Structures are given as structure tokens and as C-alpha cells.
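Notes for the one structure printed next.
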Protein chains: 2
Amino acid sequence: MSPTNPSQVRKTPRQRRSAETVEAILTAAAHILEKEGFEAATTNRVAVEAGVSIGSLYQYFPNKESLVRALNDRHTKEILDLLRKRFGELQEAPLKNSVRAIVQTMVEVHRVNPALHRVLVNVVPGIGGLAETRVVEDAAAALLTQFLKARRAELRPLNFELSAFMLVHAVEALTHAVVLERPELLKGEAFVDEASRMILGYLRTSALDHPET
Amino acid sequence: MSPTNPSQVRKTPRQRRSAETVEAILTAAAHILEKEGFEAATTNRVAVEAGVSIGSLYQYFPNKESLVRALNDRHTKEILDLLRKRFGELQEAPLKNSVRAIVQTMVEVHRVNPALHRVLVNVVPGIGGLAETRVVEDAAAALLTQFLKARRAELRPLNFELSAFMLVHAVEALTHAVVLERPELLKGEAFVDEASRMILGYLRTSALDHPET
DNA sequence: AAAGAATGTGAGCTTTTATTCACATCTTCC
DNA sequence: GGAAGATGTGAATAAAAGCTCACATTCTTT
């Protein structure tokens, strides 16, 4: 398997029509996962929804799990690309604005397809995708570590890796939760304000460490 | 169905031996879920592991999902009981200590059986347990809201419900992640320090809101 | 145009899983 | 001790799902 083939695609499509077949399968799978969850996404069902025969599905994906992992790979790649792009643009903005922009980006990312995102996050680690999940988290943490190091003058003394770990998990969970459970907070600035405050408080507050109370 | 029977147990056990059967089934299910995940926990497999016939399983649980939900109910009840107890003891400790104690409690809770916890959290919403999951989150948020209101003099002006929502999700995600991915941070105080700092920074920092930078 | 490669098809095989049911065995209680 | 209810059994059923394979169609290349 080639390095651009991390999810065990059986055959690499060589003609346009086969690329379209693969695309149709992935789209159909996404659709079913999103609307009806993992259990409903049987291989036969996906093939029908994709307007493709079950045999074609198995030509490109050796099993159901690899199909879902392929979808996850694509999904997380999109997220990481967007994050990398945003972090790149953030070099010289004031800290507060940068933080808001990052939060805003996380919200965008989660709003694209919240239901699918939820299913993937919950299911992928259990079907052999734990490693890939870790890779994504680590990549996000690395981006953030870079960011924090570049901004060290504006921050309290940090253990950068540890802080990046904390923030990646906290912000991911918060955006995930707000999108799924309190979408009304996204109408205005309420959520972005609040999350930014949490992050900035964490990154800058050192005077408050020691005093008891 | 009695009020203490929220997970559709078919029959309420009346003799000790049947209570033991139910117990054996739940224990076996927990064991398999923990070690091998949701897919591996077939009803027949659970029955074998429990040393009980498959018929007995169906006497008490109408289907596989209800079994897993019952396990989740028990698990989340334990968590909530512990949290309620701790919040009760925290009335007059200094804020900083209280926050540390809460974080410490969340860590304890997650350390009891991290693998099972992960599976339940990921799987339960997808098998008809979304409502129960929300109930637990809401209960935790309510406890925290109470706590924050009682401490309002020591905090910046807060939207209590919103802050409780933010903190419940952030702290849950952080303890979940640290237990599963960075357990070494639990050897010393590193994680509790860091999480407490995040929380206190969020709850007390108001001077840092407006200045640009 | 023709052959070989790539792609597509779907009936049906196999395995797995949930679930039932007719019957056996225990417990309670008179 | 014995009847009635509670509990336990596991072979068997039925449905569902994953997956294969022999064959058909389309594309590329010369």
C-alpha cells in the first residue's frame, strides 16, 4: 500500500469513473452515519445508497471498518488543513485576537457536519483508528505548541507541551459540546467570548496562583 | 416497572439467587466491554462469561442495548453520588482548595475503570441513552452552579449556568484525556495543578478581558 | 478493431447474532 | 411434603450482515 493510502484501500482507482465510485461510496457512508449512526451503515446499505454494487464497495474497501476509517481520514485531514492555514495567518495579530480566531476556527470546523463528527469521534477509536486519532490530536497540539512558543513573551511561564495538551482537549470538548447541545450560544459571540476567556485566563494568569482564596 | 428500574429490566429479581444472576451478568458485560469493546459484547458471550444461560440474560434484559444502558446507569449513579458527596463537604474550604478537590474527585472517578468509562461514554448515546447522558451532565452542571453561586463573592461576575456548562465539559474532557493518554501526569500534582489553574483563571480573571494584547 | 486491463455487478454463501421457548430445577410457604 | 411461583437452561430459529466470485461491461492502448 502506498503512503497516500493509509486506510487500506484495496485498489487504487486509475480511471475517473472508479474515482467517482469511491467518492459515491464515501458520500453515501457519510450520509448514513450522519443520519442514522454506525449500526445503520451496513455495507449493503451503503452500496445501495451510493448507487453502486456491493462488489464495487469491496473492490476498494476490504471491510466496513476501513471504509469508516477512510472517511475519518478525509474528515480529519480537512480539519488539520484548516487549522494549519489559520495558525499560519495568525503570526502577528494581537494575542487576544489570535485566540478568538482559533476558537472561531474550531467552531467552524465542528459546524460543518456535527452529527458525522460525533459519530466518527466516538466510533473510530473502537475500530482500529485509535492511532490515527492520536496522530490528529498530536498534530493539533504541535501547532498550538508552536504558537505558544512564538508568543512566550506575552504569556506566563509555561510547560508548552502540557499546556497545548490541556488546551487541545478542553477546546475540542467545548466546541463539540456547544455545537451539539447549545447551538444557540453560537448565534452571537457568547461562546467564543467565554472560551477565549478561559484560554487567556489559563495562559496569562500567574499572579493568582499562590494567594489562598 | 418500578422507579428504581429505569433500564427496562424485564423482571424484578425477588430471590437472592436471581439478584446474583443479574449481578454476574452486569459484571461480565463490564468485563468484556472494558477489555474488548462494544462489538465483542454479544449477548451469548456475556452469558457464557457470567456463567449463566442466555435465557437467564433475556429474563432480565430485553435486549443487548438495555443491558449496556443498565451498566451505564449504575456507573453514572456512582459518579454522581461521589460528586454530590464531595460538593457537600466543600462548603467552607477556601476556593482554591475546593477547586482542587473537585478536580481530584473527577480524576478519582475516571481512574476507577477508564476503559469501561470510555466505551460507555462513546456508545451509550448511540443506543438510546442520549437522554440519560444529558441528565447526568445536567446534574453535574447543577451541582457546580450551586457551588458557583455560593462563592459568587470570590468570583468575577458570572453567567452561572453558562460557566457551569463550560467547566463541566472542559473538566470532564481533560480528566478523561489525561487518564487515557497521559496517566503519568497523575503521579504527582502536575495535572491537578494545571486543571485548577485553568478553572481559577476562568472564574476569577476579569481584569484581563478588555486590554488588547 | 481487438485485446488486455480496469471496473462494475449482484445472487448467494457463510458467519454471526439476537432472541425465543418448552422444559427442568429451585424456593417459598402453607 | 407438595403446590405454585420464581428462576434457570440451552438447543434451535430467524434475521441480518459481511463478504466472495464468476461473469459482464467499459476503457485504454496499440
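Each chain gets a letter, A, B and so on, in the order its sequence line appears, and its residues count up from 1. These numbers were taken from a predicted model, which means no experiment stands behind them.
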(message) Measuring to OP1 and OP2 of dT9(D), would you say a side-chain N or O of S56(B) lies under 4.0 angstrom away?
(response) yes
(request) Can you tell me the distance, in whole Å, between the CZ atom of R16(B) and the P atom of dC26(C)? (result) 16 Å
(request) Round to a whole Å and report the spacing from OH of Y58(A) to P of dA17(D). (result) 12 Å
(request) Please figure out whether Q15(B) or I54(B) has its closest DNA chain C nucleotide nearer the 5' end. (result) I54(B)
(message) If I take atom CD in residue E39(B) and atom C1' in nucleotide dT17(C), what distance separates them, rounded to the nearest angstrom?
(response) 12 Å
(request) Let me know the distance between CG of N63(B) and C1' of dT20(C), rounded to the nearest Å. (result) 14 Å
(message) Can you work out whether R17(B) or A41(B) has the more 5'-proximal nearest nucleotide on DNA chain C?
(response) A41(B)
(request) Round to the nearest Å and state the distance from L57(B) atom CG to dG8(D) atom P. (result) 11 Å
(message) Closest approach to the side chain of Q59(A), judged atom by atom: which nucleotide of dG18(D), dA18(C), dG8(C) is it?
(response) dG8(C)
(request) Taking only the side-chain heavy atoms of T43(B) (C-beta and beyond), determine which of dT9(D), dT7(C), dT19(C) contains the nearest atom. (result) dT19(C)
(message) Taking K77(B) first and then E132(B), would you say they form a salt bridge - that is, a charged N and a carboxylate O separated by under 4.0 Å?
(response) no
(request) Assign each of E20(B) and N44(B) to its nearest nucleotide of DNA chain D by heavy atoms, then name whichever residue's nucleotide is nearer the 5' end. (result) E20(B)
(message) What I want to find out is whether E34(A) reaches R118(A) closely enough, with some N-O distance under 4.0 Å, to be called a salt bridge.
(response) no
(request) Could you tell me whether E23(B) and R16(B) have a side-chain N and a carboxylate O separated by less than 4.0 Å? (result) no
(request) Could you tell me the separation between the CD atom of E23(A) and the P atom of dT7(C), rounded to a whole number of Å? (result) 16 Å
(message) Can a side-chain donor-acceptor contact be found between E172(B) and H110(B) if the only test is distance below 3.5 angstrom?
(response) yes
(message) If I take atom CZ in residue F61(B) and atom C1' in nucleotide dA18(C), what distance separates them, rounded to the nearest angstrom?
(response) 16 Å
(message) Taking any heavy-atom pair under 4.0 Å as a contact, classify T42(A): base, sugar-phosphate, or nothing.
(response) sugar-phosphate
(request) Please determine if K64(B) forms a cation-pi arrangement with F38(B), meaning its NZ or CZ atom is less than 6.0 Å from the six-membered ring centre and no more than 45° off the ring axis. (result) yes
(message) Rounded to whole Å, how long is the line connecting atom CD of E65(A) with atom C1' of dA17(D)?
(response) 12 Å
(message) Side chain of V52(A), heavy atoms from C-beta onward: which of dA18(C), dC19(D), dT9(C) has the nearest atom to it?
(response) dT9(C)
(message) It should be established whether S18(A) places a side-chain nitrogen or oxygen under 4.0 Å from OP1 or OP2 of nucleotide dT7(C).
(response) yes
